[in-house]
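Comments concern the structure below.
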There are 2 protein chains.
Amino acid sequence: MKTADPELMRAINRFHVLDTIRRFGAISRVEIGERTVLSATTVSAITASLLDDGLISTRHEGDLRSGGARGRPRVMLTLNPEAARVVGAKIASNRLVFCVTNFQGDVLASLTLPVRVDRLPVEVIADLVEDGVRRCVMDAGLALNEIKTVALSLPGIIEHGTGRVRSSAVFRDANVSLKEAIVKRLDIDTIVESDANAITMAEHWFGRGRDCDDFVLVAIEESLGLGVLHGGQLFRGARELSLTLGDMIMGSDPEHAIKLSELASERAILDGDHGDSRVRDAIRLGQGMGRVRGLIEEGDNELRIAAARAGSALGIAIANLVALFAPPRVILVGSTLALGDYLLDSLRLAFAKAIPDPLKNVAQIVIDEVSDELWARGAAAVALGELYGSPWGTTGPARRSNTTEFSDTEAGR
Amino acid sequence: MKTADPELMRAINRFHVLDTIRRFGAISRVEIGERTVLSATTVSAITASLLDDGLISTRHEGDLRSGGARGRPRVMLTLNPEAARVVGAKIASNRLVFCVTNFQGDVLASLTLPVRVDRLPVEVIADLVEDGVRRCVMDAGLALNEIKTVALSLPGIIEHGTGRVRSSAVFRDANVSLKEAIVKRLDIDTIVESDANAITMAEHWFGRGRDCDDFVLVAIEESLGLGVLHGGQLFRGARELSLTLGDMIMGSDPEHAIKLSELASERAILDGDHGDSRVRDAIRLGQGMGRVRGLIEEGDNELRIAAARAGSALGIAIANLVALFAPPRVILVGSTLALGDYLLDSLRLAFAKAIPDPLKNVAQIVIDEVSDELWARGAAAVALGELYGSPWGTTGPARRSNTTEFSDTEAGR
DNA sequence: GCAATTACAACGCGACGCGAATTAAGTGCG
DNA sequence: CGCACTTAATTCGCGTCGCGTTGTAATTGC
């Protein structure tokens, strides 16, 4: 267990304040105090330190209290967007997506490389990633040494701590240290994270989970990912392993054990006899499910059934998750959602049937169709989240700024 | 999020020290410092405060360092067993089990009431619980006002915070406030917890999870319970709902959705055509599975198949849990384990088949057949765990003991 | 009996968060 | 135009925390 010392205490409160500023944008100190339940004194001290470190800046406008604004006006605080830049990336089997963001997660540049990395050797993938990162950083008008952290996200079972990829649909080899390969090439702090966790952070920071510190996210793409946000933080297993959903067994008979991924992954939906080359091409381009939807609408009954079957399986799996985690919200994302109601109707039905009665109204299900860029942005958010928590400045006590003290004393009197 | 203040800091470290003393029995201050990674100074201050509050006591013996014990001998510290007493209880459908423990969880008295509470109104059950608590406390030679907390555990979905029972196999009604009913009768602090969480704590404190801060426990009885220990603490869902396993759906088709409880609960195993009255009677007495094992050994093929089917389903469910939580250990408990290998062979086989390759060696499966009393003791441990964390003494700073100071100064010189 | 060794307590330091008092920076009314 | 009023933010002093250093206590070995 982590030992509790003043340093930890400050780290917690600093993060809390910084995160509050991020979430509510321009916000005054008083309001931070109200939201964090820290005293005004403490908030002042912490914000002074943050200002000193250049992580936030002041703005003397935007006080939007109701009309009669009596008293000393509030000084609004915002993140200093220039405080740091990070790169987030999504590695999928048929494309690499990069984005550079500033300190508050605004996208400065983004880049999609539609290359099929599927089953390539790690070293080759790492080369591609290096290339993408360098180009995207250049596009943002930055130099590589201005990037604080690179965060890579990909499907599969990832050891967050070590940056090892235990297994992934996009990797041929198992148990490779992706982090090491990237650090060797870029010499920048690198984080490797499951793509589901990345998009979970994205939803929490920018999307449908902004107002909610506890939710479960299910990512339905080629792989089936799972992200759990618990108390505002990503829930990682005991060994910092990321969670996956595709390996969930749907069936009671080990002889006929069917994994969820065999029912609900994109590959599974297409694995009728659809050798249709147009569809396969569309999938290469990452628009497979849109095409599939089109085919269903044109009357392809086989695909319709496959979609419904996938939806049913997912509905059940989600009900199982709700029974396990009892989250107030379940967010669904991923390219497979392009199937629309062909997937969702059966999903909702199966969920409703499967969810036990006392948990009926525990979880609200939210569908969110998101862009690839948001996934990459989520990876960036993972990186930023770690920056927010790490100590800046001079291992920094919340010291009163000495510089100001001098000028004040001399000029003022 | 909890705001970090000095009080929280002290609570954490105090708990940490107290818990270390509990786990390692007679232990010196230096050793506590090593184990908690707190400085010797801090440990001294905290232990002084704990001594002051009477929660621990010193013992000038038992220094078991290797032969050549040079230097000032270590003073060993132990919990003061008299510091508090709690009652733990297990409420099952056909029996109530109580135990009174002292501050370190030793059982002072225990009591089993073989009554069928199944489907009784809450008020009646509460009456029975009241009765049992009073009798058990008396058996321990104590008065009711010497009991600090009562912790009740029962199967089902429990809201730990409010003490409400959302649904339980032993309750006829849904969504009742058991805590309230008990407090009204006994006027003692009451905790309501799922029985799976209770036995999880029992395994952590006294059983097969002593050395391990992260594990998953599956309780296989009439109901199927799930306990998750994460970082040394019970993992509770966002709403402090306890987790259950029986509602996990084993199947992909919503039309034929089968809950795990329909395959692996004791009722399910017996629900062949076994109206055999001897078996039913045995079940009433809580020895059903032992009898079933006997019948299987006598050649009852139907039951053998049912047991194997249950094992398979459980093996798959456990594999799913491992895929979700990646725990280093999975502990299996519960009366159904009396079936022995008739259950476990198929369980192991199904688990091995279902677990995805990269997670092959993540989790070690441990079978632990435990007594009813341990469940009740686990409930007591839940109560004690909360006591360890709560502030004692005078909202107590780690003050240097004033009393001792006086006598020392006056007597010593 | 004295040195060496080890455990523990006492003291002082720096940092934290908080409440009360103080200063800053506006609005509104006469 | 100026003065009271109001609210925001800072400063100050207090109590607490954990930690490093120093001092003291209680042994063993020679």
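A, B, ... follow the sequence lines: proteins, then strands. Residue 1 opens every chain. Just so it is clear, the model here is predicted, and its values are computed rather than measured.
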Do any N or O atoms of the protein come closer than 3.5 Å to N or O atoms of nucleotides 1-6 of chain D, and which pairs are they?
from, atom 1, to, atom 2, distance (Å)
dT6(D), O2, Gly71(A), N, 3.4

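A close approach under 4.0 Å does occur between a side-chain nitrogen or oxygen of Thr42(B) and OP1 or OP2 of dC19(D). Applying the 4.0 Å criterion to OP1 and OP2 of dC17(D), one finds that Asn13(B) has every side-chain N and O outside that range. In terms of phosphate contacts, Ser44(A) brings a side-chain nitrogen or oxygen within less than 4.0 Å of OP1 or OP2 of dT10(D).
Between the CZ atom of Arg74(A) and the P atom of dA8(D) there is a distance of 4 Å, given to the nearest Å. What separates CG of Asp5(B) from P of dC14(D) is a distance of 21 Å, to the nearest Å. Look at NE2 on His16(B): it is 17 Å from C1' on dC17(D), rounded to the nearest Å. In this structure, Ile27(A) atom CD1 and dA8(D) atom C1' are separated by 14 Å, rounded to whole Å. Whole-Å rounding puts the Leu77(A) CG to dA9(D) C1' distance at 11 Å. Distance CE (Met9(B)) to C1' (dG17(C)): 10 Å, rounded to an integer number of Å. dG17(C) atom C1' lies 15 Å from atom CZ of Arg14(A), rounded to whole Å. In this structure, Ile32(A) atom CD1 and dA8(D) atom P are separated by 13 Å, rounded to whole Å.
Nearest nucleotide to the side chain of Pro73(A), out of dG26(C), dC16(C), dC12(D): dG26(C). Ranking dG17(C), dA9(D), dC8(C) by closeness to the Ile46(A) side chain, first place goes to dG17(C). Across dC19(D), dA15(C), dA7(C), the shortest atom-to-atom separation from the side chain of Arg10(A) is found for dA15(C).
Checked by atom type, the side-chain pair Asn80(A)/Glu82(A) shows no donor-acceptor distance below 3.5 Å.
Side-chain atoms of Ser39(B) stay outside donor-acceptor range of the base of dG20(D), with no qualifying N/O pair under 3.5 Å.
Comparing Leu38(B) and Leu51(A), the nucleotide of DNA chain D nearest to each residue sits closer to the 5' end for Leu51(A). Annotation: of the two residues near DNA chain D, Pro6(B) and Arg29(A), the 5′-most nearest-nucleotide partner is Arg29(A).
The stretch residues 34-45 of chain A participates, sequence neighbours left out, in these salt bridge (charged side-chain N to carboxylate O under 4.0 Å, His left out) pairs: Glu31(A)-Arg35(A). Listed by first then second residue, pairs satisfying salt bridge (charged side-chain N to carboxylate O under 4.0 Å, His left out) with a partner in residues 201-210 of chain A number zero, not counting sequence neighbours.
Between His230(B) and Phe235(A), the distance from one ring center to the other falls under 6.0 angstrom.
Applying the side-chain hydrogen bond (donor to acceptor under 3.5 Å, both in side chains) criterion to Ser57(A), with sequence neighbours excluded, gives no partner residue. The side chain to side chain contact (heavy atoms under 4.5 Å, CB included) search around Thr41(A) returns Ser39(A), not counting sequence neighbours. The ring pair (Phe, Tyr, Trp, His ring centres under 6.0 Å) search around His160(B) returns none, not counting sequence neighbours.
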